[in-house]
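Just so we're on the same page: letters track the sequence lines, and every chain starts at 1.
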Amino acid sequence: MELNRRQVLKLAGLGVTATAVPGVLAACSNGSGGGAGDGSVKFEGWDYEATLVQQNLDNFTKTSNVKVNYTPITSAQYVQKVVAEFTGGGGPDALYVYDDSLAAWVEGEYLQPIDGLPGVDDVYAAIFPGNAEAMTYQGKRYGLPYYTDSNCLIYNADILAKAGFSKPPASLEELEAQAVKIKSMGLLEYPIGLPAQLSDTWWAWVWGLVYSSGGDMFDDQQAPIMNTTDTVTKDVLTWLQNAANKSKVLDPASLQLLPVPVDNAMKANRYAFTIGARYALRDYNDPQKSKAAGKMKMALVPSLDGKVHGTISNTRMYGLAKDTEVKDDAFKLLTYLGGFDASKQPYTAKFWFQQRGLGFAYKELAKDPEIVAALKKFADPAIYAQLAEIARPRNVLGVAWYTEFETEMHKVVQGVLSNQTQPSAAVASLAQTAGTLKKKYS
Amino acid sequence: MSVLTERRPLGDNAKAWALNAPAIVVISLLVAYPIGYSFYVSMQRNNLKRPRAKRFIGLDNYKALLSDDAFLSALKVSALFVLVVLGMTVVLALLLALVLNERFRGRGLLLSLALLPWAMPGVVNGLMWRTIFDAKTGALNGLLTQLGLIDSYQAWLTSGTGAFLFTALAQVWNTLPFSVIILLAGLSTIPSELYDAATVDRAGAFRRFTQVTIPWLLHPLLIVLILETMNAFRAFDTIYVLTGGGPGDATTTIALLDVQTVLTFTDFGLGSAYAWVITAITLLISVGYIGLLYRKGNFEV
């Protein structure tokens, strides 16, 4: 029998369909129902301190007899990989969730609400309102807190002292004035540094500056107000533009700096000020890692009027997969990691603070003597607690287009810093972007 | 037994298909299927953040591109990037190939050094140039300061023009060796008798270059133009590491926008449409090159 081209292709096609395709699909997924498939809890998180995580999970398994199959995922790819896994039908049973991924992951039907499960109400009553808000979507609760942090002004007290300042600035005007003096005395050419290179991470410092002055970019219905009723964003951008281009106290190199280089510069006494997360102080004041150890302090983020209004916070949480087949065990794990233990203590939250200085969502921990003693080594506990009290999450996290808006905002702020875009045009552009995205996603 | 004797051997045609079948299957699975599927996805509203909104929308994603500011801006940046990278690559590769085609002491070493950047992955290339261009500790600042050309360290990547040009330079550095190899291979096939004859005809160096070298290099140049255009149009890793697409949109090429749309925004429908536009444009340009240059090449290389 002589085969013609059509017959060969037909046979090859049938062969592929019969043998290869199931294999390929099986390789892409991990079983249609997700989970580990052997009764253990499949748990995934980004790869921060994976060894410590495993150590903590081993302790959980020892006390609960629940087996956990833990997979750390590269943090730079975490969101994409988890989305791919859930899409392919092989997602985890329990997992880390970023507050800015929550809405999309609920909409994507990856997560299930945890309302009504044992101990959830107690946890939500014990944490800061901002953290509870960040873990709630459309009235339902989806997470238990992993860690949280809020933004503060970080300053080098030694440099300020040399310039004759005994306390940090409360207003943006004061901040600029102090920086100008530091510059004019020749202590630093550019006293302020900010991480303003485009990247996939959010720019907390922009939100922090807006929130610290009592402003907002969106109203409660996520409609943009930065170009209409709320002028704070425009005023903050004006201040940034002046600091970068008129008084020249904000380093122009900020546009090519990611967070780690800014950290390194702070630790090398090359900047007097930056705006960053509270936990950065732990590294900044570690003599093993920093030349500026002992000199770095935290303060509230300066505001336009010098009064205290707020700051920005982020929340990382533990979520429960919608299709988990081991819900009870997975929730036990969630409770161990993000809730209270048998003695009504948030064991893992305390563990992370003591081990790595990660911020906690539990109000009571701020008064824990062990926590306070550890905190005193790198920060002022009173300011640390005050920042947690006044912090609130971005109120636009609940929209599916948030990531696109954040990305566009970075470009607009870069335009302001490099004097290419005027603040009024910048807020108009941000409002237009929000409007376009809203329409696109409607 | 009778069955065996009656069995006819496969004809040449069938044998050829049978032998090629494994390769066809593999290529179909790993290349043709993903390409075809991506076209299908490009005709969907398909954002992983909104699975319930997924549906077939025909060519709407493509139509939307016409009024998509981000896409049009990225297309402009990409076109300019291709022009700059291609111009620099062709000129520098030709110069370097002409030098390396001569016989001189140390030629082997120079050839090895010239090929080195090609072995460097794009991400590593980006990291290396980011270190060189660093505003605080960069080697470029150090060199220019020591030469007395600048008074203080500069932030090279903070202006739109600076970021664009330095990113193009980093891209050229990474891909130049490949063009050099192609052109060097073309140069080595030019018979020396042609240069001797031209010299006898009193042709100077410039005329020998334009009348002998260039016509013989048209086909290698065609390959360089096609491949480097594709490379520059798809450039992603070096730009991503060096500037992330900034400042503003200054270095946001269409490939960068595509990766961002698919991986960061998880909009697979629109992202696939971007990818198909990139493919269509590079295909059109390649066909244009072939139409312009292929028939003009007088000699097979």
At a 4.5 Å cut-off on heavy atoms, which part of [X] comes close to chain B: side chain, backbone, both, or neither?
X	value
N419(A)	neither
T403(A)	both
T436(A)	neither
Y441(A)	both

[X] versus chain A, the contacting section by heavy-atom distance below 4.5 Å:
X	answer
N20(B)	neither
T252(B)	side chain
V241(B)	backbone
L270(B)	side chain
Q154(B)	neither

With a 4.5 Å cut-off on side-chain heavy atoms, are [Y] and [X] touching?
X	Y	result
Y190(A)	K136(B)	yes
R52(B)	E107(A)	yes
T243(B)	Q256(A)	no

Salt bridge flag under 4.0 Å for residues K440(A) and D68(B):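 So K440(A) does not pair with D68(B) through a salt bridge.
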
R50(B) side-chain N/O to A400(A) backbone N/O, donor-acceptor pair under 3.5 Å: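 Pair absent, no side-chain N/O of R50(B) close to backbone of A400(A).
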
[atom1]/[X] to [atom2]/[Y] distance, rounded to the nearest 0.5 angstrom?
X	Y	atom1	atom2	answer
Q80(A)	T266(B)	CD	OG1	8.5 Å
L198(A)	I239(B)	CG	CD1	12.5 Å
T87(A)	F268(B)	OG1	CZ	7.0 Å

Evaluation steps, side chain to side chain contact (heavy atoms under 4.5 Å, CB included), between L258(A) and R130(B): CA-CA 11 Å; L258(A) 291 167; R130(B) 196 168 82 184; 3.4 Å; yes

Counterpart residues, salt bridge (charged side-chain N to carboxylate O under 4.0 Å, His left out), relative to K140(A) (two or more places apart):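 Per chain and number, K140(A) pairs via salt bridge (charged side-chain N to carboxylate O under 4.0 Å, His left out) with no residue.
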
Below 4.5 Å, heavy-atom pairs only: which of [options] has the largest tally toward chain B?
options	result
G108(A), S254(A), A103(A), A265(A)	G108(A)
Q197(A), E404(A), E109(A)	E404(A)
E189(A), Q77(A), K411(A), Q420(A)	K411(A)

Non-hydrogen atoms of A253(A) and A135(B) that approach each other most closely: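 Looks like CB-CB, 3.4 Å.
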
Closest non-hydrogen atom pair between T158(B) and S418(A), with its separation: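 For T158(B) and S418(A), the tightest heavy-atom pair comes out as O-CB, 4.1 Å.
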
Members of residues 35-48 of chain B whose heavy atoms come closer than 4.5 Å to chain A: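 R45(B), N47(B), L48(B), listed by number.
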
CZ/F405(A): more than 12 non-hydrogen atoms of other groups inside 6.0 Å: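 More than 12 within 6.0 Å, yes.
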
